[in-house]
Every structure is written in C-alpha cells, then in structure tokens.
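One structure is given below, encoded as structure tokens.
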Amino acid sequence: MSSIPDSNVRYHCMVIGNPIAHSKSPDLHQAFAQQTGITLSYQRQYCPNDVDSFTAVIEAFFAGGGTGANVTVPFKEMAFALCQQRGELSEYARLAGAVNTLAIKDGKLYGDNTDGRGLVADLLSQGVRLKDANVAILGAGGATRGAILPLLDAQVKSLHIANRTVEKAKNLTRLFDTDRLTFSSLTDLPNDIEVIINATSIGLSGDTLPFAKDMTVDFAYDMMYGKPSAFLDFFKAKNAKTSDGLGMLVNQGALSFALWTGKQVDLTDFKF
C-alpha cells in the first residue's frame, strides 16, 4: 500500500553505466518511492567509458543538487578510486574494491557497496541457511570480492572461492584475516558444499560446466537474471533449490534507497 507523497522533499537520483538502456533501476526505485511516499526522479545516465567523463558526470550531478547515484558496469572501480581520492568509503566498499552507490555524506562524496549485502538478504529471504553452512562462489572478480564480507558476517562455516585462474582466487583470500576462506580451480570444488553461488558467465557461452556429474548442493544461486542459466539447470536436475539474481538487485537497491532517503523499504511480498 503506497503512502501519500511528501511534496516538500524531492529526491534526484540516477544510475550511471555503459550500456545503460537495459537498467531496471529506475522502475525499481520508483516502486520504492511509491511505497514509502516520497517524490523521486530517477534517470538512466549513459557515460563514455573513461575516467574524465565519469568524473565530470558525477561532479555535475551532485553540484546540480543530485541526491544519490547507483553505479554499474564499467564504472564501479572508477567510483571507488574517485571516493578514495576525494571522499570516503564504507568498509564494504573498501573491501570490495568497488562502489555501486554514491551519496553526499557530511559534505563529502561517499561510496558504498550494497551488492554483497543484497545477495545475502535475498538468500535469507528465500530461507537459505547461511549460518554454519559451507558456501562456494564461482569467480574471483568484483562481484565475488563484494560478497565475501557480507557472507562472512552471515556466519558461514566456510567460504570457498573457485576460479579458472587459481592465483586470483588465492589473492582474494589474502584480503581477509580468517581461516574460513579457501580457494581452488573451478574443477576442484570441495564435496561438502551446501550453497553454491555463480558470479561468472559460466554456461552462457556454451562452455561445458566444470562440475563433477555427481555433484549436489542444497541451493544454487546465479547472480545473473533474465537469461537462461545452464548453471541453474544443472542443479535443478539434481533436485536442488535454485534462484537467479533478480532478488539481489531488489535488495541491494533497497539499501541504496535507504542511504539516500532514510526510508526503509518493506520487501515482504514486494513484486517487481
């Protein structure tokens, strides 16, 4: 049930990316605004893929009264560097090495990363047990790096990072002072995994999946959404519960929205 908008406050937000026409963020945040009773303008912003252009767009946006910005591919690392140079970073952004949410906090540019917390929130909302669970993530890029701290905070028993290049996975484990992190190649996964998360394009390019034929898990999650997933199909055939990443988008967006507006979105029975 939506609230009556407060016409005295108007929030100006955007999502910046390249490409950007496909982004669902404007529709998502308008749904949040309607539920919480605020007046919000939220635009897609295309930007050439270079640091100078990105910096100019961000500076102009906030100088013109912008409230907050979501940052998507390929600008998350640029946003991180900009906040590192001129502003502040949340602990989640610092450890992720990437920023997906920008705001002005105490007069300074502030960078946060809500992706990993959005992932964890979506998993928990679907009844996935993370506490004391053995979890694996495929990939060692920015998406995985951003998910590590939130998953550790969720008290997983172990978190295994598997990647084509083992050294990249090993380097990620060195960023965190815990013995709960392990690593391997994609073809050498532990046999006690309960939850597996795909943060790669495995299965989209027609590649053979790197899993043993008898591998089973309780829950398989693909961070991608809106596309066929050979990864999810493999585990569905093993009677595992599965999910794509649309709920991660919703939950990370709700965290960005709360940072900008102070409004908490009720995601119970939220449809998008």
Side-chain angles (χ1 to χ4, degrees), residues 15-18 23 25 47 49 51 54-55 58 68-105 108-124 130 135-156 158-163 165 167-178 180-183 195-201 221-225 245 247-260:
V15 56
I16 182 170
N18 181 348
S23 175
S25 292
C47 181
N49 185 10
V51 173
F54 176 76
T55 301
I58 295 301
N70 284 129
V71 182
T72 189
V73 175
F75 299 116
K76 292 183 181 184
E77 288 78 17
M78 290 185 200
F80 174 85
L82 188 62
C83 292
Q84 201 172 36
Q85 294 162 9
R86 304 188 185 183
E88 296 180 353
L89 292 161
S90 72
E91 183 72 356
Y92 293 103
R94 187 182 67 79
L95 286 171
V99 162
N100 80 327
T101 302
L102 290 169
I104 299 297
K105 189 173 181 180
K108 295 181 180 179
L109 187 65
Y110 178 76
D112 196 5
N113 190 305
T114 64
D115 285 333
R117 282 172 288 161
L119 166 68
V120 168
D122 189 32
L123 288 168
L124 294 176
L130 293 177
V135 179
I137 304 184
L138 308 182
T144 292
R145 183 170 169 174
I148 293 174
L149 179 58
L151 285 166
L152 292 175
D153 285 348
Q155 301 178 54
V156 299
S158 67
L159 181 56
H160 186 85
I161 302 170
N163 193 56
T165 307
E167 192 65 23
K168 282 191 71 176
K170 182 179 181 179
N171 288 340
L172 279 190
T173 67
R174 289 172 171 166
L175 297 174
F176 300 83
D177 184 21
T178 176
R180 288 184 287 159
L181 282 174
T182 55
F183 62 91
V195 179
I196 190 167
I197 300 163
N198 183 26
T200 74
S201 59
Y221 189 97
D222 198 328
M223 287 189 183
M224 288 192 176
Y225 62 90
M248 177 179 172
L249 173 75
V250 172
N251 279 276
Q252 66 81 21
L255 291 166
S256 297
F257 186 84
L259 174 64
W260 300 329

### Message
Rounded to the nearest 0.5 Å, what separates atom OG1 in T182 from atom NZ in K170?
### Response
13.5 Å
### Query
What is the distance from atom CG of L109 to atom CD1 of I104, rounded to the nearest 0.5 Å?
5.0 Å
### Message
Nearest 0.5 Å, please: how far is CZ in R94 from SG in C83?
### Response
14.0 Å
### Message
Tell me whether Q252 contacts the main-chain N or O of L249 through its side chain, where contact means a donor paired with an acceptor under 3.5 Å.
### Response
yes
#### Entry: Interatomic distance, Y221 atom OH to I196 atom CD1 [nearest 0.5 angstrom]
14.5 Å
### Query
Could you state the interatomic distance from CD1 (I137) to CG (L181), rounded to the nearest 0.5 Å?
9.0 Å
### Query
Would you say the side chain of N18 lies within less than 4.5 Å of the side chain of F75, judging by non-hydrogen atoms?
yes
### Task
Would you check, one step at a time, whether the test side-chain hydrogen bond (donor to acceptor under 3.5 Å, both in side chains) holds for N100 with D115?
CA-CA 7 Å; N100 80 327; D115 285 333; 3.0 Å; yes
### Query
Under 3.5 Å, is there a donor-acceptor pair between the S25 and N70 side chains?
no
### Message
Looking at L172, is its backbone amide N or carbonyl O close enough to the side chain of R145 to form a donor-acceptor pair, meaning the two atoms are under 3.5 Å apart?
### Response
no
### Message
Which heavy atom of L151 sits nearest to which heavy atom of L119, and what is that distance?
### Response
CD1-CD2, 4.5 Å
### Message
My understanding is that only one of D122, D112, N251 makes a side chain to side chain donor-acceptor pair (under 3.5 Å) with R117; could you say which?
### Response
D112
### Task
Could you grab the distance from atom CG of L152 to atom OG1 of T178, nearest 0.5 Å is fine?
5.5 Å
### Message
Minimum heavy-atom separation for A140 and N163, please, with both atom names.
### Response
N-OD1, 3.2 Å
### Query
Does some side-chain heavy atom of M248 sit less than 4.5 Å from a side-chain heavy atom of T114?
no
### Query
Is there a donor-acceptor contact under 3.5 Å from the side chain of W260 to the main chain of T101?
no
### Query
How far apart are the C-alpha atoms of S90 and N113, what are their side-chain angles, what is the distance that settles it, and do they pass the side-chain hydrogen bond (donor to acceptor under 3.5 Å, both in side chains) test?
CA-CA 7 Å; S90 72; N113 190 305; over 6 Å; no
